[in-house]
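Structure record follows, encoded as structure tokens.
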Amino acid sequence: MTTAIEMNHVVKTYGDFRAVDDVSFSVNEGTICGFLGPNGAGKTTSIRMILDILRPTSGSIEVLGHPVASQVRDRIGYLPEEKGLYKKMTATAVIAYFATLKGVPSSVAREKARELLDRYGLSAFKDHKCEALSKGMGQKVQVLASIAHDPDLVILDEPFSGLDPVNQEVMEEVIQDLKSRGKTVLFSTHVMSHAERICESIVVIAAGKMAFHGSVEEARNLLPSRVRVRGDDISDLVLRLPGVQSVKPSADGRADVLELHISDDTDPQLLLKQFFDSGKSLDTFEVVQPDLHEVFVHLVGEDAREAADR
Amino acid sequence: MMRIYRVAQREYLENVKTKGFWIGILLFPVMIWLMVEVPKFLEEKGIPTRHVAIVSRDAEAGELARQRLTLLNRQKVLQALQQHIAEATESQRKEMLEEQEIDAAALLDRLEEGLEQMSQGSAEINPFNPKQLVDIGDLIPDEYLLNDGQWLAMRNLLLNQLPKGSPEFVEPDPRFIEVGLLPGLTDMATDAEIETALRPYLRAEKLYPASGRNVDLFALVLIPENVLSEKEPIRFWSSNLADTDLLDAITDSLTDRVRQMEYDSRGISSSEVKEIAQIRVRSNNFNPNKQEGEEKVGIRDRIRQYAPVGFVYLLWIAIFTVAQMLLNNTIEEKSNRIIEVLLSSVTTNELLLGKVLGVAAVGVTMQLAWIGSMLGILRLKAGPGAEWVVDLLAAVVSPELLIGFLFYFVTGYLFYAFLFAGIGSICNTIKEAQNFMSPMMLILMVPLGTMVFIPNDPNGTIATVMSWVPPWTPFIMMNRMAASPPMGEIVGTGIMLLISVIFVFWMSAKIFRIGVLRTGQPPKFLELLGWLKSSRP
């Protein structure tokens, strides 16, 4: 399988500050990759380097088989983190303009713009000036502007921020559509549920450094499973069970449910047996996989807090 | 190339859609129209008729003062009549531009001849040289104007020159009208009595009753008995200190008389003095730059000398309007973060060039519209004043001047456009931009200040030195072009200007590249220098 993006030991420094510190990962063509990291982790800087808006201090980046993105920039679509449109232009005109900058002939670009607006439920706003659009609408228009030239690689920086749940779904749909047509999508987010649903692989960076690169499944396996239990008078018992590392009230909000973090080599079935042996009655016993959210907090929690304090 | 064109095209179309653009385009013709109409209006209506009460204790002095007012009134009519004829006969205005020498003696001879014919009942022959119409006002001796019979004859003579079908001449309101004293007051009253009685009218507290109407009383003039013999001062009462025309007219008339008496008493012939006073040395002006045989300098040449000033203005206005657009657009793109999308599609150089060219096209459109509307209005409002501008343009369309203007216009524009785009790229708001703009404005004010004296000394030291300062080169050299500055200087400053434009482009591109992605405070000056040294971000 060929790679759409290949980052090799990429470093970007601003004076003494290492914004991106030895980041390496690759994204296969035709896949969706989530680019995760806390605020200030270096996601936007990395994305700008992939797009050749910024040049890395050291390391190399290969995009669609070319050493510099500007050589293939007509084949890349980009939605920046901070969204903005020309206020005085109509939605159709903006989409068409960005498409023409990517080499699409003017008439085709206009046609394409109308078609996209129709397809994603914005027909009514075709001739509205961008200043008249709501924030979410504007963002959708901008997403459409980034894909109007039918790029092979689409890079979306925080595409879900500022969208209501319905439009977040539309956004997911847009990304899935792209994938189904064989396009590669790299998007950054810090809302894990999106990444969990649609990504094949994820890259996690924190404080400029690589924290993880692999599939969602692999990420989940980073953390041991948990066991949630509820029973009468078991709070002393659970602390004494072998393999249980810590006990916390369950995060899912149910009353009296305890969450047991167990070591990797502990078999939940053995745990259940021990409950029986002790004669305590349980009305709940469930084994849960850690979700991406927990993995993320586990991976970058400390760094993120530090960054927030900085 | 295609991307530069796309960026420029959008920049152009979006700016052309703005209200500011259309206001700019429409405002200019309105201004030109006002410039043509307002002086006319002011001339006609600006100085209202002045009503004056004159009390003279000396019969002769009173007569002289009144004569002078009549004279001024008739000169105004004559002037209006000339203007009227000139407007009605277009062909004459053209010739007026060519000739500026007036042979006063010949004119008077013809005037006498014409009047002679008039008195014999034939008005077939036109005694005036039509070329000299506008200038005859001051040349006609006072005696002709003061003699009622001759005044009427002359007036008819001029009216006869109006081509058939031209609009009727409406005589303007007189400049001065004398009003009688208030009922119950006579010349026998003392100065103090008269002054007390008229004081409220002079203060504009009341309107003055004069021949059935109530008018504003402008002034009261009390001429003492021995004004001529003892030169006792006249008493001039008026609350308007600014308009001295009336006072000047009266004192001049009396001064003339007093001087004449003085000449007589010393045995000097006053008519000879007058004759002598009229002797003038005149000049014919020649320009060594012109072909042999055509060296004589006419009005057209003078216009040519000053035509560059118009172009300096055009460049200046172009830079100003365009600067604003470039700043606004760059700051919009920057503050909206559109710039990032743009930079994923085009390089900073393409973006910078596209923006500058697109906005330039807006500027050119605006200026063409201005020139077009100016010509249109001047054609519509054709009058003696308007011909000058048409001629000015004709003078400018000589190829060597035009090439020069185009060169300086383009380079001057690019120089400043790149600078302004660079400034726009480091600012997040218009307010931040203002700080950077102030020094730029100061630099731009300098050539405006020199515009008046450069044509007077186009190859002088100041002009030469300023020509070598790149921000001023286009303005100063444009201004000097008509005076054929040395070839070496043209080529030298031209090359330097081109290098400066390239340098400014390089500098702005660097600043632009870093500035557009930067948020927060605009950089300090030293930081900017650092950017220039740095390679690509």
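Below, chains carry the letters A, B, ... as their sequence lines are ordered, and counting in each starts from 1.
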Among the options A:Ile76, A:Leu85, A:Asp157, pick out the one with the most heavy-atom pairs lying under 4.5 Å from chain B.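 It is A:Leu85.
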Do you know which of A:Glu81, A:Lys88, A:Met89 has the most heavy-atom pairs with chain B at a distance under 4.5 angstrom?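 Sorted descending by pairs with chain B, the first entry is A:Met89.
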Determine yes or no for a side-chain-to-main-chain donor-acceptor pair under 3.5 angstrom, with [X] supplying the side chain and [Y] the backbone.
{"X": "B:Thr18", "Y": "B:Glu14", "result": "no"}
{"X": "A:Arg73", "Y": "B:Ser344", "result": "no"}
{"X": "A:Thr13", "Y": "A:Asp16", "result": "no"}
{"X": "B:Tyr413", "Y": "B:Val356", "result": "yes"}

Among B:Glu332, B:Met2, B:Lys17, residue most engaged with chain A (heavy-atom pairs, under 4.5 Å):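 Result: the option with the highest number of such pairs is B:Glu332.
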Would you say that more than 12 heavy atoms from the other residues, nucleotides or ligands in this model lie under 6.0 Å from the [atom1] of [X], or not?
{"X": "B:Trp506", "atom1": "CH2", "answer": "yes"}
{"X": "B:Tyr5", "atom1": "OH", "answer": "no"}
{"X": "A:Lys126", "atom1": "NZ", "answer": "yes"}

Interatomic distance, A:Leu101 atom CG to B:Ile4 atom CD1 [nearest 0.5 angstrom]: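 Going from the CG atom of A:Leu101 to the CD1 atom of B:Ile4 covers 11.5 Å.
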Region of B:Glu340 in contact with chain A, defined by heavy-atom distances below 4.5 Å: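 The answer is both parts of B:Glu340.
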Between B:Thr348 and chain A, which part of the residue has a heavy atom less than 4.5 Å away: side chain, backbone, both or neither?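 Contact with chain A is absent: no heavy atom of B:Thr348 under 4.5 Å.
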Can you tell me which portion of A:Tyr78 sits under 4.5 Å from chain B's heavy atoms? Options are side chain, backbone, both or neither.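 Contact with chain B involves both backbone and side-chain atoms of A:Tyr78.
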Under 4.5 Å from a heavy atom of chain B, the part of A:Tyr14 involved: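 Contact with chain B: none, neither part.
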Check salt bridge (Lys or Arg N to Asp or Glu O under 4.0 Å) between A:Glu6 and all other residues, then give those that pass, not counting sequence neighbours.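 For A:Glu6, no residue satisfies salt bridge (Lys or Arg N to Asp or Glu O under 4.0 Å) once neighbours in sequence are set aside.
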Give the intermediate values and the outcome of side-chain hydrogen bond (donor to acceptor under 3.5 Å, both in side chains) for residues B:Arg6 and A:Ser106. CA-CA 9 Å; B:Arg6 298 274 195 220; A:Ser106 309; 2.9 Å; yes
Would A:Lys102 count as a cation-pi partner of A:Phe98, with NZ or CZ less than 6.0 Å from the six-membered ring centre and within 45° of the ring normal?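 Not satisfied by the 6.0 Å and 45° rule.
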Hey, which residues of residues 42-51 of chain A are touching chain B, say heavy atoms under 4.5 Å apart?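 The list, in residue order, reads A:Arg48, A:Leu51.
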Give the interface residues of residues 128-147 of chain A toward chain B, defined by a heavy-atom separation under 4.5 Å.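 Answer by number: A:Gln142.
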Show me the pairs that pass salt bridge (Lys or Arg N to Asp or Glu O under 4.0 Å) and involve residues 106-115 of chain A, at least two apart or across chains.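 Matches after skipping sequence neighbours: A:Arg114-A:Asp127, A:Glu115-A:Arg119.
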Heavy-atom side-chain contact between A:Leu178 and A:Ile32 under 4.5 Å: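 When only atoms from C-beta onward are counted, A:Ile32 and A:Leu178 do not touch, as no gap falls below 4.5 Å.
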